[in-house]
Amino acid sequence: MTVESSNNKSREEILARIEELNSLIKREEDVIRKRDSNTKTPEMSIYTTPKAKSLDEQLDEIESNARTSIARNANEMADKALEGNQEEIDNATLRINQFATIKDEIDSLKKKKQDFIDSGDSFDQALVDQIDKQIESLESLNPYSTKKEAVDTQDTNTQEEKFLTPLQVDTPTINESYASSEKTLNDTFNPREKSVAEAYEDGSLLQKENTEEQEVGNSENIKSPELIALEEARTLYASKQKEFLDNKRKTQNGINKIRDFFGLGKKVKEQDLPEELLSLKASYDQKKVVYGKSLIASYIEEIEGKVRNGEIPENQKDETLEIFMKGDLFDEIIVKERESLLALQAETLPAKEKGILNEALDRYLKLKPWLRTVISSALITGAIATTGAFTSTGAAGAYLGTKIARGVASVYAGKKLGNAADSFLEKATSKDLARLDDNARFNMIDFNDFENALNYAEKSYNRKIKIEQDTKRLRIITKGAISLMAGLGTSEVIGKGILPNISVLNETTEVHTPSPKISPDTPVVKSIPADSIKPIPDTLQTTPPPDAIKIGDNTSIDRPFETTDSIAIKSPTIESPEDTTLIQKEAVTTNEPLQPKIDSAQTAPKPEVQSTPIIKPLSVEADKLGAIETFKDLKEKLSASYPDPKLAPANVREILASDPASLAIKYGFYSPTQNAESAFMQEGEQLGFDSKGNLYFKDSNGTVDYLSENKGFDGKMIDTDNSTMSQKTESETLPKSIDPNKESISTQNQEPPKSVDPNIETMEQIPKSIDPNEVGFRQNMFYSKDPDLDAMTPNTERVLNTAQEQQTPPSINELLKSINEDTVHSLAQQQINKDIDSMFQKPNFILGGSTPGTKTEEWARTLSFMQEKKLTAAHLFEAQDAGMLQNSDKGEFFTLGEYARSLKYETGLEPKEGELLNDYLIRAQEYKIKNNITDKEMIKIIDEADRDKKIKISEETRQKIRARRSVDNDGVYN
Amino acid sequence: MNPLLKKIGEEFGLSTLPPEKQEELLTRIGGIIYKSVLIRALDQMSESEQDEFDKLLDQDKDPAEIFSFLQEKVPTIETIIKEESDAFKKETMDTMNRISEE
């Protein structure tokens with residue numbers, strides 16, 4: 001018998017066996033079915049496969065089912081296990097991290113101790129004892145210390161043996177759920193910590209704080225007298241404060257207890273506090289100052305030492321000290337001290353409140369980083385209080401939300417770009433990454449509300465992470481320069497007002513007013529913070545042509561490069577809706593928008609209001625059931641918001657008093673006599689009133705149209721019966737005072753709509769044939785549901801959904817070419833002034849950064865020198881090459897030189913013979929504008945310089961370039 | 001840099017620090033103010049409201065819901081936030097001013 005025939009026989013036997021089994025199972029199934037018709041199991045179905053299947057097919061199927069079953073079970077088990085153990089995993093991670101940190105500290109102390117001992121007989125025993133105590137206190141913080149004592153009593157004697165490793169401890173000791181990444185925050189918010197009172201009683205808190213402070217404040221790990229004094233003062237103050245509050249509790253009832261001290265209304269004024277407490281507080285404050293000064297003094301000594309050793313150039317001493325003051329000193333004296341004191345104050349709370357507080361803080365710390373950043377910022381700026389950033393509705397909320405979301409988006413867009421720039425991903429992934437990166441630069445103003453923006457940011461971020469994981473690109477890319485570029489986000493050239501056709505939308509803009517026209521002679525205000533821009537009155541004068549720098553003019557000291565026309569920018573007129581759309585898309589990315597002259601005739605209609613109307617901005621989302629339902633929703637919301645309709649603005653009262661169907665007709669959402677009778681609306685679009693009481697409709701692109709009797713919905717109308725959709729034309733303007741019951745209305749509009757876009761039927765979200773009954777629509781609105789992430793990106797791909805927007809927008813270069821010379825000149829002057837302003841504004845040593853609008857005296861001297869000596873660019877560069885440029889009390893020539901040099905490298909322009917420095921700077925800036933040289937280009941130049949070593953750029957120059965770039969980024973010269 | 005950190009940088013002079021440090025300090029300062037606010041807010045809640053708040057936290061609700069709850073139960077929450085924010089800034093200003101004095 002051959003192997004083959006043997007196999008065939010085996011197959012036949014197996015097939016026969018399967019047949020037999022199937023028969024058996026079938027019989028069993030019949031029995032079972034009779035007993036219970038619903039008991040067929042998946043396993044049974046395996047054996048009831050059609051006989052026609054081959055053995056291989058059946059075996060494959062069996063295997064496949066088995067694998068599916070195993071995988072399903074495994075997944076379920078894994079999910080269940082993970083769910084049940086997640087907290088445990090977190091706890092273990094935290095403990096290990098804590099252990100590692102503490103162990104490092106102890107090892108360091110032991111080494112220090114050994115060094116002391118090795119130094120000979122002269123070592124200070126007191127210091128060694130102090131180190132021992134610190135080691136002991138650190139050991140008490142070992143997260144595995146519960147077992148430690150038990151082990152201690154058994155067989156360990158030395159400190160090394162007492163300090164257990166994670167592997168020596170098999171069970172968690174305390175319910176601790178901090179994520180490991182929050183390690184730096186644990187010192188204050190760790191709910192696992194002993195209570196502060198307990199910690200103070202046994203001294204461990206003090207010792208722990210000492211350790212923390214020594215990390216920054218005392219590199220020798222030995223407390224300075226100032227620090228000891230501060231700790232004592234803090235302890236004493238906190239102790240008396242607690243005593244004071246305890247006494248108040250005893251004398252007061254319930255809810256008024258601590259409120260009198262901490263709370264509002266009855267918040268105890270400082271003068272009402274006991275003299276002793278006030279005195280202790282003053283002493284504590286004073287000790288903070290003394291300790292801060294001591295840290296500065298120590299650091300100055302350190303700097304001097306480094307200068308002597310050549311580690312720090314002499315001219316960087318001040319800068320180094322400033323960085324220390326803003327960073328470590330601020331952390332030590334302000335942040336850590338406040339954290340410590342707050343921990344003590346929390347101890348004054350009853351146990352229950354303390355538990356809730358810890359829980360709340362725990363939640364805060366476990367928030368996703370970007371969300372925590374948003375909330376932190378809102379808290380720090382007090383923005384929640386004034387805007388309701390979380391509540392996400394209303395004009396004020398949108399205002400703050402815009403700022404915050406924009407900032408956060410920028411942060412994460414930066415990180416993403418950094419990743420993308422360094423990744424060599426598959427084509428498809430790269431495309432998706434690029435798309436996400438683009439989308440990530442969203443602005444709150446594009447979204448309906450704050451919540452949507454956050455949702456979008458989160459989804460976008462998560463998808464990005466997933467893609468990175470999929471492509472095994474998990475390492476963190478720290479290409480600062482590239483990320484910095486993305487950080488610019490909203491400040492790229494195109495959004496900076498350098499381009500023509502740019503409208504004004506500042507960060508405070510909640511909704512767009514109807515496309516203001518910008519006349520060619522529209523003046524532009526320069527150097528105005530985006531959030532402070534107000535419409536310029538019509539009376540603003542246009543300015544004369546550019547002129548040379550006015551040497552000798554006092555005012556030119558402050559603005560040496562500003563000619564009298566430097567604020568005049570000639571912007572082309574925006575004429576078409578397409579322009580406006582483009583403008584809006586671009587303008588939302590603008591940090592420093594240009595301000596057009598608003599054509600008052602086109603501003604939002606101003607509703608007639610009562611003498612004392614209460615205006616409450618609110619909106620409703622487009623209702624899936626149609627525009628009439630949307631108006632009904634709006635009415636309901638208005639009714640709830642205006643219990644007394646008399647206090648409502650006039651047009652709100654009108655909505656409240658009118659029938660929803662009439663309103664839909666009146667405002668152009670429903671034209672029953674038209675072929676295209678229903679407004680084409682999408683999920684997320686909004687109908688509402690703004691803070692001025694204007695009725696508006698905001699579409700998915702973020703474009704806001706104000707609605708009035710004369711100007712209704714002007715978006716797409718769709719024929720839900722005949723599948724024709726039209727862009728509503730001017731001729732379709734809604735009739736005034738439409739009575740839906742009168743057949744006579746709009747008879748002149750019976751002809752087919754014009755401007756039908758031939759491409760419209762290719763849009764997949766617009767079905768060719770719409771059966772309202774099937775899709776649940778009413779004939780007053782076509783509702784396009786777009787649930788994917790894309791639906792949350794109003795300014796991305798979906799922008800191109802409409803035919804009019806499918807026109808290819810001009811490229812940056814094309815737009816740049818359209819700028820006239822005067823505009824380029826003015827922009828160049830503006831940019832130079834901005835740079836100079838930033839470089840030479842007075843530093844703010846208290847709060848850091850510098851103070852806008854101020855100038856250093858050194859700059860005034862620098863400028864005077866330039867003017868008096870008629871300094872040429874060539875002379876400056878010669879002096880620079882010879883190393884003769886220095887900052888001194890006579891002027892900041894080094895800084896000026898670095899600025900000029902950075903422009904020279906960016907543009908490659910050599911100074912002309914006899915060309916004054918300021919002329920050269922303007923020429924270079926003009927070149928940059930005309931050639932669209934951005935910071936990105938600059939980075940490229942620097943990188944290439946590094947590679948090729950063709951251009952030698954000193955570190956100082958780099959710093960200055962970065963500093964100047966930071967002016968663009970955060971408005972502060974760093 | 002982004003407008004957010006710019007704002008914080010202006011207020012607390014963090015702008016020259018590395019971004020990571022800025023974000024860390026930002027989070028910690030936010031935590032300080034959050035804690036200060038909660039200490040006061042909790043004291044203005046009744047026992048049952050505290051229980052409710054506790055449950056809300058247990059359910060891991062999103063920040064918007066938590067803030068809505070605080071707004072509802074502590075009518076002055078927004079003022080408290082503003083006061084605590086201002087208090088922190090003032091203390092920062094006072095202390096750093098005094099430290100910088102000759």
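Computed from a predicted structure; not experimentally measured. Order of the sequence lines fixes the chain letters, A, B, ..., with proteins taken first and strands second; residue numbering starts at 1 for each chain.
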Worksheet item: Contact part of B/D94 toward chain A, heavy-atom cut-off under 4.5 Å: side chain, backbone, both or neither?
Response: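 Looking at B/D94, nothing touches chain A.
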Worksheet item: Is it the side chain or the backbone of B/Y34 that comes within 4.5 Å of chain A heavy atoms, both, or neither?
Response: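 Interface part for B/Y34: both.
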Practice prompt. Heavy-atom distances under 4.5 Å only: say whether A/I296 touches chain B with side chain, backbone, both or neither.
Written response: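 Side chain only.
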Item to complete: Let me know if A/I333 has heavy atoms under 4.5 Å from chain B in its side chain, its backbone, both or neither.
Response: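 A/I333 touches chain B through side-chain heavy atoms alone.
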Worksheet entry | Minimal non-hydrogen separation, A/G292 against B/I99, with atom names |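 Residues A/G292 and B/I99, closest heavy atoms: CA-CD1, 3.9 Å.
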Item to complete: Determine the minimum heavy-atom distance between A/R338 and B/I32, stating which atoms define it.
Response: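 Answer, listing the atom of A/R338 first, then B/I32: CG-CG2, 3.4 Å.
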Discussion item. Under 4.0 Å between a side-chain nitrogen and a carboxylate oxygen: does that hold for B/E47 and A/K352?
Written reply: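 A salt bridge links B/E47 with A/K352.
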I want to check something: taking the side chain as every heavy atom from C-beta on, are [X] and [Y] in contact at a cut-off of under 4.5 Å?
| X | Y | answer |
| --- | --- | --- |
| A/K288 | B/E91 | yes |
| A/I334 | B/I29 | no |
| A/K293 | B/R98 | no |
| A/K354 | B/L42 | no |
| A/D285 | B/T95 | no |

Worksheet item: Measuring from B/Q50:CD to A/I356:CD1, what's the distance to the nearest 0.5 Å?
Response: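 It comes to 4.5 Å.
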Item to complete: For chain A, find which of B/L38, B/I66, B/D58, B/V37 contributes the most heavy-atom pairs closer than 4.5 angstrom.
Response: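 The answer is B/D58.
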